[in-house]
Amino acid sequence: MKFTLKKLDLEKSLGNLSKASQLKSDALVITSYQLADTKKKKLSGLVAAFDETLGGVITDLVNDENFKFKTGETTSVRLSGSERAAFALGPIKKVILVGLGEEEEFDKKAERKVAASILRKAKSEKITSLAVDSFGDIGLLVETLGLVNYEFTKYKSSDDKDDKKQLSEITILSSSVTAKEKEAVAKSEIIIDSVNKARDLVWEPACVVNPTYLAKEAKKIKGTGITVKVMEKAQCEKLGMGAYLAVAQAGGQPPKFIEMSYKPKGKIKKHIAIVGKGVTFDSGGLSLKPSKAMEMMKEDMSGSAATIGLMNAIAKLQPAGIQVTGIIAATENMPSASAYKPGDVITAMNGKTIEVNNTDAEGRLTLADAVAYVSQKNPDEIIDIATLTGACMVALGNTCAGIMTNNQDLLDLVKAVADEQGENMWQLPLYDEYKEKLKSTIADLINAGSGGQAGAQNGGLFIQEFVGNKGTTKKPIPWLHIDIAGPCWLDDASDWSPKGASGIPVRTLLNYILSV
Ligand code: BES
Ligand code: MN
Ligand code: ZN
């Protein structure tokens with residue numbers, strides 16, 4: 001999608017636009033706040049100006065069809081040849097009317113809803129280029145239009161794609177095009193690109209996205225201060241990553257331990273480590289999943305996809321003073337004659353021993369070594385993103401991530417950003433009582449010991465065992481665990497995403513990092 005900002009005060013210049021400022025799009029979006037519930041519903045501003053030239057068509061829609069300009073309410077009016085001439089807008093054939101809802105209630109959430117409905121209306125009407133008279137926050141408008149426009153059509157043959165009818169250009173009209181607005185649009189384009197990168201990786205099937213592919217994608221991230229390092233199995237063995245390598249030992253695709261690092265020039269205020277679960281296919285291993293549960297397990301690398309998307313945005317936006325390390329312990333989880341077995345005892349790189357009672361609780365094993373590894377770099381915070389438990393979906397549903405922490409301040413800060421971004425997250429506790437369930441009779445820990453109770457917490461508590469202490473203190477590094485098993489894949493479209501891979505929580509973590 002190509003976005004252009006165009007300086008144009010439509011209301012002032014309607015009907016006498018110079019040739020140069022005429023629009024090149026085939027449809028125009030104009031908006032209005034909700035009309036008062038009185039008998040005489042009065043149109044105002046641009047909408048009133050259009051209504052006049054259109055001989056009262058919009059007034060008719062309001063009176064006869066009860067069109068009220070509620071939040072995200074849309075309708076369209078096709079222009080006749082003479083009407084087009086009267087407006088002098090250029091090739092505009094259609095005017096799409098969109099409601100902003102009550103003025104006092106118009107916030108970011110409402111703006112997203114409006115932008116999403118504009119995009120969907122334009123698509124349903126097969127519009128290929130669109131002009132939008134700007135409203136609200138231009139950055140958020142562009143971001144939402146771009147995020148909602150996403151489609152993964154790579155494997156559809158061209159007939160299906162209807163590719164002649166793709167919406168490919170959006171021009172945002174604004175009476176003042178400031179440097180700040182231009183910058184906001186450029187930033188939104190980076191965000192769209194990064195979230196959509198994460199979505200592509202999740203959509204791609206596991207026959208394409210394997211650990212090697214993830215490593216290649218990570219290496220594509222370029223920018224000042226960015227370095228990407230990939231460790232092979234032998235190096236991980238030397239480091240003692242027995243938990244991660246146990247998952248990888250079935251011998252399918254070779255594992256890749258990926259480390260992306262961003263170091264800004266100058267003084268570093270904070271070092272944030274991001275760890276993304278990168279199980280490129282989770283069959284369950286010998287504790288094999290039933291077919292239905294396995295069907296979507298290509299999505300089990302959504303945490304790593306978000307980490308790559310996030311590092312891509314960091315590379316382009318170059319935040320000052322913040323060091324960011326992104327870690328992915330990528331592997332498949334497969335059954336085979338060499339696969340790890342229930343009952344095996346393995347040792348993670350921090351020396352803790354683990355009894356494996358269920359090879360399907362593999363994510364926490366890969367994360368154990370990834371978190372222990374990154375702890376050695378002594379970051380100020382560790383945030384892990386993982387499609388960790390079906391239990392989290394049972395607790396919070398399909399549209400909400402579960403968040404757990406050893407540091408309430410960190411959780412509160414990230415949660416506030418998530419709320420603002422519309423990426424639902426809800427805190428689950430990590431009660432000491434449940435730590436008992438992590439105990440094994442043969443080893444230090446058992447990987448799936450809670451017997452189905454408090455499953456999301458059990459996963460969180462397990463990972464917590466591998467968070468190191470800050471420096472030489474006895475205090476653990478502040479850590480946040482984001483279980484995205486539910487919202488990594490949306491069954492229904494939202495105000496910021498189509499159905500399918502959502503790209504959560506790229507925007508939350510990016511905006512959190514930019515706010516530090
Ligand atoms: N990758 C799954 C969790 C998952 C389930 C992600 C559904 C996305 C959608 C994870 O590795 C897993 O299998 N977890 C087990 C843990 C159990 C064995 C303790 C689960 O949730 O059943
Ligand atoms: Mn599993
Ligand atoms: Zn898994």
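For ligands, and for the atoms within them, numbers begin at 1 and follow the listed sequence. Throughout, numbering of the chain's residues begins at 1 and tracks the sequence. What you are looking at is a predicted structure, and each value in this text was computed from that prediction instead of being measured.
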Could you check which N/O/S atom of Asp282 is closest to the Mn ion (ligand 2)?
OD2

Restricting Asp300 to its N/O/S atoms, the closest one to the Zn ion (ligand 3) is OD2

Out of curiosity, is Met296 lining ligand 1, as in a heavy atom under 4.0 Å away?
no

For atom 12 (C) of ligand 1, the protein heavy atom that lies nearest, with its residue and separation
Asp360 O, 3.2 Å

In plain terms, say whether Lys470 and Asp380 are close enough for a salt bridge, that is, a side-chain N and a carboxylate O under 4.0 Å apart.
yes

Which one holds for Lys277 and ligand 1: side chain close, backbone close, both close, or neither close, with close meaning a heavy atom under 4.0 Å?
side chain

Sub-6.0 Å ring centroid separation between Phe257 and Tyr373
yes

Here's one to test your reading of the geometry: is the NZ or CZ of Arg199 within 45 degrees of the ring axis of Phe152 and under 6.0 Å from its centre?
no

Any N/O of Asp300 closer than 3.5 Å to an N/O of ligand 1?
yes

Is there an N/O/S atom in Gly363 that lies less than 2.8 Å from the Zn ion (ligand 3)?
no

Atom 7 (C) of ligand 1 [closest protein heavy-atom partner, distance rounded to 0.1 Å]:
Met297 CE, 3.6 Å

So which N/O/S atom does Glu362 have closest to the Mn ion (ligand 2)?
OE1

Tell me, please, if Asp360 has any N/O/S atom, main chain or side chain, under 2.8 Å from the Zn ion (ligand 3)?
no

Is there an N/O/S atom in Asp300 that lies less than 2.8 Å from the Mn ion (ligand 2)?
no

Can we say Lys154 and Glu204 salt-bridge, meaning some charged N sits less than 4.0 Å from an Asp/Glu carboxylate O?
yes

Counting only heavy atoms from other residues, nucleotides and ligands, does the tally under 6.0 Å from NZ of Lys113 exceed 12?
no

In the protein, which heavy atom is nearest to atom 2 (C) of ligand 1, and how far is it?
Asp282 OD2, 3.5 Å

Specify whether the nearest protein heavy atom to atom 22 (O) of ligand 1 is under 4.0 angstrom away.
no

